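Predicted model only: the values in this text are computed from it and were never measured.
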Amino acid sequence: MRVVTTAQPLDVQPTPLALLLLGREADPRSERGVECPGDLPSPSDPDLVARARAAKEKLGDKVFVLGHHYQRDEVIQFADVTGDSFKLARDAAARPEAEYIVFCGVHFMAESADILTGDDQKVVLPDLAAGCSMADMATAEQVAECWDVLTEAGVAEQVVPVSYMNSSADIKAFTGRHGGTICTSSNAKRALEWAFEQGEKVLFLPDQHLGRNTAVRDMGMSLEDCVLYNPHKPNGGLTAQELRDAKMILWRGHCSVHGRFSVESVNDVRERIPGVNVLVHPECKHEVVAAADYVGSTEYIIKALEAAPAGSKWAIGTELNLVRRLANRFAAEDKEIVFLDKTVCFCSTMNRIDLPHLVWTLESLAEGNLVNRIQVDAETEKFAKLALERMLALP
């Protein structure tokens with residue numbers, strides 16, 4: 001006999017984050033946006049390239065287009081400079097004559113550009129929904145609560161915050177207020193060395209993997225020196241004693257792209273391609289970094305492949321747009337370059353900046369309509385810039 005039961009509807013209230021993801025709510029202080037005003041041209045419009053060229057030519061020196069390495073080729077072709085997030089922000093600051101800085105990247109990058117450029121310059125993000133899942137994993141409220149936990153444990157005065165460039169302006173400002181510095185994947189070791197000269201412990205935000213890999217792989221600490229603070233658990237899921245014993249307090253955040261790579265990916269590619277060199281970004285998990293042959297930032301990856309001998313084989317653990325571009329670039333030199341994982345994985349938020357959004361942005365600016373401006377408030381900018389300047393002062 002079959003028994004049939006009638007399920008009762010669950011009284012489940014969606015969280016603010018869930019509503020934000022569904023596009024039902026907006027948070028102006030979040031990395032995410034939920035609206036893009038105006039009508040975009042059709043992605044199938046065969047004249048998009050010509051329209052982008054015409055609008056950019058009309059704007060002339062008034063516009064400076066920045067293209068992050070993870071952007072689509074269709075967008076990169078219109079970039080005046082390419083690079084990682086911090087390099088691009090500095091490039092923008094070095095072009096004071098440009099009235100408009102069009103940042104083809106994600107929200108936190110455009111914020112950094114606004115912080116470092118002049119007051120008369122306007123930073124524009126072609127799609128406000130181009131955020132960063134890692135940066136979203138640490139909000140100002142959560143980090144303030146974490147500091148309260150550290151204070152109650154009696155360790156806050158010993159802690160120096162170090163925040164990865166991949167963080168919101170709010171988190172950079174928190175870092176500046178509390179005597180900390182910003183770091184990139186290229187200078188994380190130097191930033192940590194500086195921090196430990198200032199205090200006994202580091203609160204590393206928001207990428208746990210870069211913090212752990214730098215501390216253990218580059219600075220000789222042990223995994224036991226690191227604890228993981230989970231903002232979704234009471235007291236971060238840690239005891240006061242664990243906080244007192246730790247040297248590195250790692251925020252529970254990660255990159256959704258680099259976090260996909262696994263030791264199985266490394267083992268598989270070694271079996272498939274004998275003699276392959278495995279090169280990964282330090283945002284990858286610690287066990288993946290330990291299994292790789294080389295580890296380095298985006299700029300490091302590019303330079304390593306430029307210097308690689310002809311005929312060499314490489315499996316790269318970073319975003320697919322860049323890997324594919326490098327594979328095409330070095331194919332003529334007989335360098336075999338493959339994506340580390342069998343599963344294709346683009347950065348979904350980076351890929352929101354596409355040709356229709358870029359065309360709409362450039363044409364709007366050419367018509368005198370300022371759209372999608374990213375502007376950091378003065379108070380936040382003051383302390384975020386202080387943290388960035390501390391990084392710039394590092395030897």
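- Counting only N and O atoms by type, the side chains of Glu299 and His69 include a donor and acceptor under 3.5 Å apart.
- For Lys335 (side chain) and Ala308 (main-chain N/O), a donor-acceptor pair under 3.5 Å exists by modelled atom type.
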Please list every donor-acceptor pair under 3.5 Å in which a side-chain atom of residues 250-257 meets a protein atom from a residue at least two apart or in another chain.
from	atom 1	to	atom 2	distance (Å)
Trp251	NE1	Met137	O	2.8
Ser256	OG	Ser133	OG	3.3

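- Annotation: ring-ring contact (aromatic ring centres under 6.0 Å, His included) contacts of Phe339 (sequence neighbours excluded): Phe261.
- Taking the ring-ring contact (aromatic ring centres under 6.0 Å, His included) definition, one finds that Tyr294 meets it with Trp314, sequence neighbours left out.
- Thr380 places no side-chain N or O within 3.5 Å of a backbone atom of Val376 that could act as its donor or acceptor partner.
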Please tabulate, one pair per line, all N/O donor-acceptor pairs under 3.5 Å involving side-chain atoms of residues 93-104, not counting sequence neighbours.
from	atom 1	to	atom 2	distance (Å)
Arg95	NE	Glu97	OE2	2.6

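- One side chain, Thr184 or Asn187, offers a donor N or O that lies under 3.5 Å from an acceptor on the other.
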Side-chain donor-acceptor contacts of residues 385-395 below 3.5 Å, not counting sequence neighbours, with atom names and distances?
from	atom 1	to	atom 2	distance (Å)
Arg390	NH1	Gly176	O	3.2
Arg390	NH1	Gly180	O	2.8

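- Proximity of a side-chain donor or acceptor of Thr349 to a complementary backbone N or O of Ala130 within less than 3.5 Å is not detected.
- Residues passing the side chain to side chain donor-acceptor pair (under 3.5 Å) test with Asn369: none are found, sequence neighbours excluded.
- Proximity of a side-chain donor or acceptor of Lys201 to a complementary backbone N or O of Arg244 within less than 3.5 Å is detected.
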